[in-house]
Amino acid sequence: MGFKPKQIACLCLGIMLGSCQPEVEKKPTPTPVVSYEQHRPRFHFSPPSQWMNDPNGMVYYEGEWHLFYQHYPDSTVWGPMHWGHAVSSDLIHWEHLPIALYPDKLGYIFSGSAVVDHQNTSGLGQNGNPPLIAMFTYHDPVGEKAGDIDFQYQGIAYSNDKGRTWTKYENNPVIPNPGIRDFRDTKVIWDEEHQQWLCVLAAWDHIKIYRSDNLLEWTYLSDFGKEWGSHAGVWECPDLFPITLSGSQKRYWILLLSINPGSSNGGSGTQYFVGQFDGTTFTLDSTFAQAFGTEEAQIPAGTKFADFESGFGEWDVRGEAFGAAPTTSTLPNQEGVQGYLGQAWLNSFHGGDGATGELLSPPFTIERDFINFLIGGGNDKLKLGMELWVDSRMVRNAAGGNNDKLNWIAWDVSEYQGMTAQLRIFDTNIGGWGHIHVDQIMFADEAVRPNLEKAVWLDYGRDNYAGVSWDNAPNDERIFIGWMSNWDYAQVVPTEEWRSAMTLPRTLTLVETGLGPRLASNPISNLSSLRQASHKLPAGPLPPALELPFFPEGTEMMLELGIEEGAWSIELANSLGETYEIGYDAGQNQFYSDRRTSGKTDFSAAFAEKMHVAPRLTSDTTMKVHLFFDVASVELFADDGLTNLTDIFFPNEDFLTATLRYQGSGGTLKKGTVWSLR
Ligand code: FRU
């Protein structure tokens, strides 16, 4: 259908005068029809196909934001790691580029970072242009399988064509392994203050800092972290950078650190530390140090189901890994095992990591609300661990933290009261951390409260892991992106063409709070370019239920609430009766996210076992809430980014409606706007 000449004239005039109706029929701007696979995010980065985990090599150079990522191009589960690649001019619209780094004879390409070598200190630049230098971890699967401990070391690659092609440095590795089994995830920065390159990496339960003048030769400087923060899992993906406290001249240094498992709501998560760096050592800020400490485990009385002190009892034992009897001392080639009770425990290291085996408990009836037990060893729940089976379904599972320390875990099994159940303890993992420890299985009326090392978390949701910041960002901005998933279930989430997405890019700032300096994460400001129509909400007392505008393909909300008591929440729903809820409970002074009835949840027992909670860090009478809903995720930025919560979900049909609910009295909606996103 073409325009008639008269209409064209009128259209032009209409633009100039803003008039001319009703002669021209107003048509909405046509939007291209794009079809998306179910659960494919609309405004979050996701790989074109196959597996993705950590963001890597993030660097800004000549108008382009580079995002590399852990990628396995042959499957939707983790495998030999490559670096996938994409670029963007605005951090929102991404162009996929060919794979940047392939595994080679030194190993898979694990996580790492990239920098612009402005002064060509490495000498790897060409024609007077600075090279891009990527520094990453090589993971040698052959050494790992052979039972070596030095199979992770650091290498570099360089590019002289704006990141399009990369050459591995001929003298790799540039940091050899010093005899530490988990030794990975290099983050490099230029330390302007001390005129040196710094590299931080994770070494099992702490970080190591190295320095260099040329990015090729590295000298060890110091360790940090054995005494601070949570060690409930293995330390991974550190980031270290200076930052100025908002509203002052005061400079601090921030250390971001991901751990898996052991995050605040379970599985993978990112903690951070605020301190100073003197050119050699990172030291915790004294106010910030007050946030730490240990709470001892509290073990409720109960009925002992198995402690393996007098053998396997009636358990059915298969394979070699668990030996001929429960273990009473550390096995050959196994470092000290800690945390078991009594003399004996189950240890599947008979025959080393390569051995496999399984134990099935005699069937039992669930009569009490909790099963409490000690577990340690490998963390890959798909390949090993302990599972609870009820009605031919696996309803709970647990594994260790990639260390030889047994920790308490509690399973709430109240919903299975009266039903017959069986425990399965198995080890099919023949690679690194291919063994498991179990002890002291108890039935109790209360959950055990594990030994807790307090930590400060960047995000309290279950789905923000391994995030670090971009190098060389303009205006000294610190922009962060994380992997929007969790190792507890990342490999089994119900997407078929690809697996996982990244969080929204976030600006990190350091702000003073009643508790001392804390990081605030907020969505980058140009995300507002995605906004389409805005809908103002009526200010006033909060009714018990208020229907909000909602756009399945992308909704942003900014609310200002006055809540002194009660609880508010936003509930998403679809026509199948599936719901997801995010809110705040004034009684507990915490935000919460509940995906237990959000649709597909049974692909993993860990996905929807409980609500996720996040503390509120201010007592401002106005609570600011900023929310982004994509088809399969929510991101909460509360109180100007002081509390973050990122969670994913998989409804069988996209959510269609949102309702703001309030239980309590005196609550008000002071202000509110909802946007549909392009
Ligand atoms: C974090 C991590 C890193 C490692 C990478 C391997 O999720 O385990 O420690 O480099 O993933 O893909």
Side-chain angles (χ1 to χ4, degrees), residues 47 50-58 68-84 99-103 106-114 134-141 144 151-155 173 175 177 180-188 199-208 225 231 233-239 256-263 267-271 378-383 399-403 429 431-433 458-459 462-468 481-491 493 499-503:
Q50 308 292 26
W51 171 261
M52 173 178 89
N53 57 293
D54 314 356
N56 292 152
M58 293 129 70
F68 301 85
Y69 51 90
Q70 288 286 279
H71 183 43
Y72 182 33
D74 297 328
S75 171
T76 49
V77 294
W78 191 90
M81 283 291 109
H82 300 54
W83 275 25
I99 289 175
L101 294 174
Y102 284 80
L106 290 179
Y108 302 163
I109 314 295
F110 269 23
S111 286
S113 53
M135 188 163 177
F136 50 84
T137 299
Y138 269 118
H139 172 100
D140 170 22
E144 182 193 18
F151 54 86
Q152 295 186 337
Y153 31 81
Q154 322 311 322
I175 304 184
N177 187 300
I180 300 174
R181 196 186 170 96
D182 291 284
F183 183 70
R184 58 175 178 270
D185 306 339
T186 50
K187 179 72 162 85
V188 180
C199 165
V200 272
L201 56 83
W204 183 36
D205 60 351
H206 65 279
I207 60 131
K208 293 198 177 290
H231 300 83
V234 63
W235 283 32
E236 300 184 318
C237 300
D239 192 359
L256 301 183
L257 196 273
S258 285
I259 81 165
N260 176 53
S263 79
S268 325
T270 303
Q271 49 181 335
N379 76 356
D380 187 345
K381 287 184 198 161
L382 294 182
K383 297 189 181 147
N402 273 4
N403 56 45
N429 188 353
W433 287 114
L458 186 70
D459 191 313
R462 292 268 266 148
D463 299 296
N464 180 0
Y465 191 60
V468 292
I481 204 166
W483 174 44
M484 198 155 58
S485 198
N486 190 310
W487 281 115
D488 268 0
Y489 43 75
Q491 304 193 70
V493 295
R499 278 232 169 84
S500 5
M502 296 297 177
T503 66

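Indexing begins at 1, ligand by ligand and atom by atom, following the structure's order.
- In this structure, His231 and Trp235 have parallel ring planes: the angle between them is below the 30° cut-off, well short of the 60° mark.
- For Phe151, the ring pair (Phe, Tyr, Trp, His ring centres under 6.0 Å) criterion is met by His139, not counting sequence neighbours.
- Of the residues listed (Asn177, Asp185, Thr137), the one engaging Gln154 in a side chain to side chain donor-acceptor pair (under 3.5 Å) is Thr137, and it is the only one.
- The only member of Thr270, Asp239, Val200, Ile481 that meets side-chain contact (heavy atoms from CB on, under 4.5 Å) when paired with Val468 is Asp239.
- Ordered by chain and residue number, the residues placing a heavy atom less than 4.0 Å from ligand 1 are Asn53, Asp54, Gln70, Trp78, Met81, Phe110, Ser111, Arg184, Asp185, Glu236, Tyr465, Trp487.
- Interatomic distance, CH2 of Trp51 versus CD of Gln491, reported as 4.5 Å (0.5 Å rounding).
- Remark: Ser113 OG to Asn56 CG distance equals 8.5 Å, nearest 0.5 Å.
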